[in-house]
Participant: 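I am attaching a structure below and will ask some questions about it afterwards.
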Amino acid sequence: MFVRALALAFALTFIAGDLGTARAAAATAPAQLLRDTVDAPRTISYVGQIETVRFSSNRANATIVRIEHRAPELTRRWYLAPESLYGDYIITSGPTSYDFDARASQVRVSHNPLMDDQVAAAYSLNRVLDNYRPVLARGEIIAGRQTDSLLLVNKFTGERVMRLWIDAKTHLVLKKEEYHGNGAVASQTRFEEIRYTNAIPLSIFATEPPAGYVQVAGRNYVMPTSDIERVIKEAGFTPFTPKDLPRGFTLTSGDATTVNGVRTLHLTYSDGLRTISLFENAKGAAADFGNLHPQTVSFQGHDAQYVEDGPTTLLAWKEKGLYFALVGDLLRSDLVEIAKSVT
């Protein structure tokens, strides 16, 4: 009996071990798939066509681009729609981007070191996995390719924030949907067609301005730092910071730069997947809404202006002698609650 009991105990131990291993593998597989998507563009070259639709409360804006990507870091995006952008194109080479404006006959050169920072990308992915649960979902055929699908679910709220459709063989993301807090689709990006190839001529990525074009300086982004105390001192004024943030968001970096002649403090908060940027200045520089038309929302005696563009909301207001702008992948109501806690 003892021998039989011992044998049964060993058998149950191995069965339990196998079940534990299976459960661990099941939990690891979605996370590994997510990691593979981050690495894919550095090893996979392709050409294709991408459509992006951004949904706001009262409109939808679509863009269509022709894309050529030569791994690991050369990409050209050629705009086919809307008509106002037709013929414009952007070439990125590592941290440098060249924005060719056909109507203005100029190329704007910008430099952003974060675009080529793999350490920062890996750190951000770890933060994603701290705050989000990747869940396997049913894939579908995208641009003629079979995909696996991942849902990214917020661990604190249970809300799905993003869904990815990933090429089952190359692990390139072929479709992405982002969602508002209420579950509505905020934006969708998908390949309409794709072809994997290494035969992409380097001449496609030429950055020399065409005849008749003028090269102008774009924005040179400063590498953000985690030394927030130093950044605050460099701002030249006493800033305010939010006291109430959604769970999972932490202050990750900051920089103090001069934008249009105004010293501006920029603090970035992130949960790995979504970001919130707080801009502050003491010189009266208003927020730049671009081509969007701002609306007004009131809180705590302040009349703030806001615009929505897909998943992103910009909220700007003045308080205690400072000019604030919050930009985040959140609903307007969420940014208003954060704004209330700033001062």
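Note that the numbering runs from 1 along the sequence shown for the chain.
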Participant: Between L150 and P134, what is the shortest heavy-atom contact and its length?
Facilitator: CD2-CB, 4.4 Å

Participant: Of all heavy-atom pairs between A206 and I91, which one has the smallest distance, and what is that distance?
Facilitator: O-CD1, 3.1 Å

Participant: Can you give me the closest heavy-atom contact between A217 and R108, atom names plus distance?
Facilitator: O-NH1, 3.4 Å

Participant: Mind checking what makes side-chain contact (heavy atoms from CB on, under 4.5 Å) contact with D303, not counting sequence neighbours?
Facilitator: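 In terms of side-chain contact (heavy atoms from CB on, under 4.5 Å), with neighbours along the sequence ignored, D303 is linked to T296, S298.
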
Participant: Applying the side-chain contact (heavy atoms from CB on, under 4.5 Å) criterion to I142, which one of I166, L174, V173, D167 satisfies it?
Facilitator: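 So, applying the side-chain contact (heavy atoms from CB on, under 4.5 Å) to I142 and each of I166, L174, V173, D167, only L174 qualifies.
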
Participant: Do Y323 and F279 have ring centres separated by under 6.0 Å?
Facilitator: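 Here the rings of F279 and Y323 have centres that are no less than 6.0 Å from each other.
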
Participant: Check the angle between the aromatic planes of F324 and W317 and answer parallel, tilted or perpendicular using the 30° and 60° thresholds.
Facilitator: parallel

Participant: Shortest non-hydrogen contact from T238 to L322?
Facilitator: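 Taking every non-hydrogen atom into account, O-CD1, 3.7 Å.
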
Participant: In terms of relative ring orientation, are Y89 and W78 parallel, tilted or perpendicular, with 30° and 60° separating the classes?
Facilitator: parallel

Participant: Taking L129 as the starting point, is it possible to reach V161 by hopping between hydrophobic residues whose side chains are less than 4.5 Å apart?
Facilitator: yes

Participant: Answer yes when E68 and R70 have at least one side-chain N-carboxylate O distance shorter than 4.0 Å, and no when they do not.
Facilitator: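 Salt bridge: no.
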
Participant: Just do the salt bridge (Lys or Arg N to Asp or Glu O under 4.0 Å) check on R42 and D39 with the steps written out, would you?
Facilitator: CA-CA 6 Å; R42 300 193 67 82; D39 296 332; over 6 Å; no

Participant: Charged N to carboxylate O below 4.0 Å: is that the case for R66 and E193?
Facilitator: yes

Participant: Can you name the nearest heavy-atom pair linking V307 to P294, along with the distance?
Facilitator: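 Residues V307 and P294, closest heavy atoms: CG1-CA, 3.4 Å.
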
Participant: Kindly work out whether a path of hydrophobic side-chain contacts (I/L/V/M/F/W/Y, heavy atoms less than 4.5 Å apart) joins L251 to V342.
Facilitator: yes

Participant: Give the minimum heavy-atom separation between P41 and H69, together with the two atoms involved.
Facilitator: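 That closest heavy-atom pairing would be O-NE2, 2.6 Å.
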
